[in-house]
Number of protein chains: 2
Amino acid sequence: MRREGRTTLREVAEAAGVSVATCSYVLSGRAGRTTPLPEPTRRRVEEAAQKLGYKGNTAARSLRRQRSELIALVYAPPVGPWLDRLTMQCEDIAAAHGYSVIGVPVRRLDRAAQSLRVITRGHVDGAIFAPGLSDDMELTAARRSTRALMAFSDHLDLEGVDVVRNNVRQAVADATAYLLGSGRERIAFLSHATPHDDRYAGYADALRAHGLDADPELVRIGAASREEAVVVVRDLLSSPNPPDAIVSESDRGAFAALQAAVDRGFKVPDDLAVIGTGNTLEATYSSPPLTSVGMYQLDFTEMVEALFARIDDPTRPARELSMPWVLNHRDSA
Amino acid sequence: MRREGRTTLREVAEAAGVSVATCSYVLSGRAGRTTPLPEPTRRRVEEAAQKLGYKGNTAARSLRRQRSELIALVYAPPVGPWLDRLTMQCEDIAAAHGYSVIGVPVRRLDRAAQSLRVITRGHVDGAIFAPGLSDDMELTAARRSTRALMAFSDHLDLEGVDVVRNNVRQAVADATAYLLGSGRERIAFLSHATPHDDRYAGYADALRAHGLDADPELVRIGAASREEAVVVVRDLLSSPNPPDAIVSESDRGAFAALQAAVDRGFKVPDDLAVIGTGNTLEATYSSPPLTSVGMYQLDFTEMVEALFARIDDPTRPARELSMPWVLNHRDSA
DNA sequence: TTGTATGCGTTATCAT
DNA sequence: ATGATAACGCATACAA
């Protein structure tokens, strides 16, 4: 909200010797008029606005237009380079539509409602929910408070919400199949909690397709925290019959596996192949760089445009876009 | 911005059989009235609002109150745990003031203006700029567009902008002095670009206080990118007279130093002490965990409250708060 | 104790 | 080609 004493359209109008209506037409750009604006008048208005430092009042415009011209990007830090790309593409496309972009970092799921206040209170016209958020979150409140909602989610099916499918299950299956195909035989899975989600399912799918069953010994919980994961993987590697590969439900867990491998004298990828999930920024930097399942395609134009299409017409049928996750090959597997 | 067909105050008023004014008093909370509101009326209004799902219209409220009830947190990802804390504390304090918090990630400095549109267009009442941003950025436009601005910066001195001093120079000097005190004699400095900033100054200060001069051989550029830093540090460690300690201008450079040390067979911290700057999240996770200069105190209450004080009264004199960076001891030095 | 009236700054319709 | 004017939804001074 602007400081007090801001220049108003009326003051510009007086300075230019025309009416506020004319000023509005000139300055808001979008002429809804039949005839184009006459050049001399437009110039006088623009000069007056310039001289007075006119900036416009977003609240007034929002009230009148029934649009805030703001969209939100909801995500859970830390995030990888793909979010950078998404942010920048959003900003560019939004600017072309006269919109601005805000970030809504959800730092703890148990505080999500608090973080989402800006959305539920109706400050934004639309919001994009990054992967991993919408499945755990109550979106109906957000849905009611915006004109458009777009979510990266493989399962979400909510009236009037556009979705982007990542096909995570298939991607993890592909990664596991890749390991099997390169001769790995004892592939462990490091899960977040009880392993019943898509990522585990993909792992199990691949084993099954290869005629194997998941060995309970090789499926461990611990990917959620780095410290826990190190302990778990060390234990795994100390067993008489250790795994020759690890698929982790997160990159975090995979980094821990890399560390535990060093601790236990396993060479990566020779003695132990490691694949993470998420394709985070750090995957590029770890030693060795981490092979990770995650986003690859970094062109979000279609989905962002779809969001704006829905902002323009909230009644249009919900769309289902597809941006499959892939295996990003680096040195760890 | 809310969807069309939202419940308005007027509809609530009709349903409750009272006037919009009364509804406004009840629902906006802050009664500017002399007498408290009578219980039965208030109940009827609240029930009607509940039943109709009344949510209020932020644009209308903003226009009337001349406040957007939004504050922004401007930062450059990736960030450490301190930003998590700051965000959550902001959200809590903001909620107590009836405000919501938005994030403004500035992912590339050359696109800062684009990212800051949400501020310069007047969507927020106040903004907090995280460390490292305000010094390189043109803040005057933002200043004019908000009621309050608070910046983490050791140098910024802008009319009407509150600042938080981190005393980075002193902190790096302390870190260097700590190394000197524990017997290190050849302390290298890994800088971002030409070393003329605060961090280098602190390093030089400490050497000087110890009767030493910075050895040009030991001052290298390369902390900006991980890859570059690894090359530079490897080179440093291969020299006939290698350093026994490295102070890096960033944690990123320090991680690279840890990696280069492994490559060259140096044990950390025995053969080589490494200290980073920034105290990022990864510092806790590296092996060994990285000693790093950075934020320690994680209570931002005072500064956030100062922001709100200025939002309430933009004419109050600018404050200068102090939150000194410190040396966070871990295993690498 | 409650209601009436006015204006916040802008946009869009309609008249001129 | 330009200007009056009526909303947009809410908050508040003031009247009743």
Side-chain angles (χ1 to χ4, degrees), chain A residues 1-14 16-45 48-49 52-69 98 121-123 125 145, chain B residues 1-14 16-45 48-49 52-69 98 121-123 125 145:
Chain A
M1 184 55 28
R2 290 83 186 297
R3 294 168 60 193
E4 320 203 55
R6 292 289 301 283
T7 308
T8 100
L9 206 48
R10 186 164 156 174
E11 293 167 327
V12 176
E14 279 166 13
V18 297
S19 75
V20 279
T22 306
C23 282
S24 177
Y25 279 121
V26 172
L27 297 173
S28 63
R30 14 201 150 183
R33 335 196 58 190
T34 43
T35 55
L37 314 106
E39 195 51 40
T41 318
R42 127 164 277 153
R43 268 257 305 287
R44 268 193 313 170
V45 171
L52 295 177
Y54 174 73
K55 281 296 163 49
N57 179 315
T58 57
R61 164 176 288 205
S62 293
L63 180 57
R64 179 62 233 231
R65 284 241 185 101
Q66 302 290 10
R67 300 271 199 291
S68 66
E69 302 184 330
R121 290 178 129 204
H123 281 285
D125 289 345
S145 311
Chain B
M1 182 59 27
R2 288 82 186 295
R3 294 170 58 194
E4 321 202 55
R6 292 289 300 283
T7 308
T8 112
L9 205 49
R10 185 165 157 170
E11 293 167 328
V12 176
E14 280 165 11
V18 297
S19 75
V20 271
T22 305
C23 281
S24 177
Y25 279 123
V26 172
L27 296 173
S28 64
R30 20 202 147 180
R33 336 197 56 191
T34 43
T35 54
L37 317 106
E39 197 49 41
T41 318
R42 128 162 276 152
R43 269 256 306 286
R44 265 193 316 170
V45 171
L52 296 176
Y54 174 74
K55 282 295 163 52
N57 177 315
T58 57
R61 165 176 287 208
S62 292
L63 181 57
R64 180 62 231 236
R65 286 242 185 97
Q66 301 291 318
R67 301 272 199 290
S68 65
E69 302 185 328
R121 290 178 133 206
H123 281 287
D125 289 345
S145 312

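Proteins get letters first, then strands, A, B, ... in listed order; numbering begins at 1 in each.
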Distance check needed: D:dA11 P versus B:Arg65 CZ, whole Å only. 5 Å
Value rounded to 0.5 Å, distance of OH in A:Tyr54 from CG in A:Leu27: 6.0 Å
Find the distance between CZ (B:Arg44) and OG1 (B:Thr22) and round it off to the nearest 0.5 Å. 9.5 Å
Rounded distance (Å) that lies between atom P of C:dG9 and atom CG of A:Leu27: 16 Å
Given atom NE2 of B:His123 and atom P of C:dT10, what is their separation to the nearest angstrom? 13 Å
Given atom CD of B:Glu69 and atom P of D:dC10, what is their separation to the nearest angstrom? 13 Å
Measure the distance from CG on B:Leu63 to C1' on D:dT12 and round it to the nearest whole Å. 14 Å
Please name the pair of heavy atoms, one in A:Ala48 and one in A:Ala16, separated by the smallest distance, quoted to 0.1 Å. CB-CB, 3.9 Å
Closer than 4.0 Å, any side-chain N/O of A:Arg61 to the OP1 or OP2 of C:dT11? yes
side-chain N/O B:Thr22 vs C:dT2 OP1/OP2, d < 4.0 Å: no
Pair A:Thr8, A:Asn57 - check side chain to side chain contact (heavy atoms under 4.5 Å, CB included), show working. CA-CA 8 Å; A:Thr8 100; A:Asn57 179 315; over 6 Å; no
Where is the tightest heavy-atom contact between A:Val26 and A:Arg42, given as atom of each residue plus distance? O-NH2, 3.9 Å
Between P on C:dG3 and CG on B:Leu9, what's the gap in Å once rounded to a whole number? 12 Å
Can you tell me if the side-chain N/O atoms of A:Gln66 get under 4.0 Å from OP1 or OP2 in D:dG9? yes
Does a side-chain N or O of A:Thr41 approach OP1 or OP2 of D:dA1 to a distance below 4.0 Å, or not? no
Between CZ of B:Arg67 and C1' of D:dC10 the distance, given in whole Å, is 15 Å
As an exercise, state the distance from CZ of B:Arg121 to NZ of A:Lys55, rounded to the nearest 0.5 Å. 11.5 Å
When rounded to the nearest 0.5 angstrom, what is the spacing between CG in B:Leu9 and OG in B:Ser19? 9.0 Å
Of A:Cys23 and B:Gly17, whose nearest nucleotide on DNA chain C comes first from the 5' end? B:Gly17
With the criterion being N/O to N/O and under 3.5 Å, what pairs connect the protein with nucleotides 4-6 of chain D, and how long is each?
none

Nearest-Å distance for atom pair CD/C1', residues A:Glu14 and D:dG3: 14 Å
Comparing B:Arg44 with A:Arg10, nearest DNA chain C nucleotide closer to 5' gives the residue B:Arg44
